[in-house]
Amino acid sequence: MSANAESSFIGIDLSGLKLCAATVSGDGKIGERRETPVQREDLVAQVTQVVSDLRQTASNIGAIGIAIPGLVNRQSDRVISSRFLPATVRGDLHAELMDKTGLRVELENDANAAAYGEYKIGAGRGARDMFYITIGEGIGGAIILDGKLWTGASGFAGEVGHITIDTEGSECQCGNTGCLETVASAPNIVRRANERLNRDSTSSLSKLATNKDFTADDMAREAMEGDDFAMMMIERTGKYIGTGVASVINLLNIERIVLGGGVMAAGDLILNPIIQEAKQRAFQPCFEATKILAAVLGSDAATIGAAMLARDASGEQG
Ligand SMILES: [Zn+2]
């Protein structure tokens, strides 16, 4: 047993508009939290400040893990691309933070960090291999094989949001048409619902018809309160996701699939059609070996996962 058993770690999630930071114990429990709007052009100073602030609350911080909304090369510790935080590509966040804090720093892609959190202490616990899908503003994925993130030849493995679901579907931001993301991400669920409301007069009975600016969260809430139209749209969304999940199952024969992100807030109303559709479409022996579960760490997944990556990286070094 190394000294890390008693150490705490700092996990930081930079994937949203807010910087979410927390101290995380060696067994994955969150202690102190800090949240503040991300200062995109002054990140090093901001992260240094948050770390120093959190260190006042815990004397035994072992390392820092940071979830980045972009592509991270874990060998060189450089951010290769990031649409939301371009400053992390221009500068050397990793080297500057190590220098400023004197602590070991681990950077990881945000979906990978969230996957690792679920794998270590969430819905993936106990599995050897896991596929993680996060469905929110976009759709991301991550593959964990034998305890390790498997990121592929150039870091993009697990891009399940860009599996083609409908060859004649809408154009995706990736350039393809009919990707899973074009029907099942939060903005696209809202788009589909609006299109349907416009052409189908019976759906005007839905509460959503009276709210011009409804969101995917509103749809999930109305569905859970029994709104037929919202329930139908959520169910159809689940079927699209289940179609993608079936491909993942056939390809990987993977032990566990964990689904997280804001769209999963609809709970069983979306999870059940996902499982049903995957069952219908996947190769049966593969499907039978797979457990499909909702994520359990919510919006803390990336923060906790980044801290667990920092924990395990410092453990490996001894
Ligand atoms: Zn795409």
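In what follows, every heavy atom counts, from backbone to side chain, and hydrogens, waters and symmetry copies are set aside. Since we're looking at a predicted model, the values are computed, not measured. Read the numbers this way: they start at 1 and go in the same order the structure lists the ligands and their atoms.
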Ignoring hydrogens, what is the shortest heavy-atom contact between [X] and [Y]? Give both atom names and the distance.
{"X": "His162", "Y": "Asn176", "result": "O-ND2, 4.3 Å"}
{"X": "Ala184", "Y": "Ile241", "result": "CB-CG1, 3.8 Å"}
{"X": "Cys20", "Y": "Thr303", "result": "O-OG1, 4.0 Å"}

Just by modelled atom types, is the Thr182 backbone N or O under 3.5 Å from a matching donor or acceptor in the Arg191 side chain?
yes
Atoms of protein origin (N, O or S) under 2.8 Å from the Zn ion (ligand 1)
His162 ND1, Cys172 SG, Cys174 SG, Cys179 SG
Regarding Asp217 and Thr215, do their side chains bring together a donor and an acceptor under 3.5 Å, going by distance alone?
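The answer is no; no qualifying pair exists.
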Using a distance-only test with no angle check, is there a side-chain donor-acceptor pair under 3.5 angstrom linking Asn250 and Ser247?
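Ser247 and Asn250 do not have a side-chain donor-acceptor pair below 3.5 Å.
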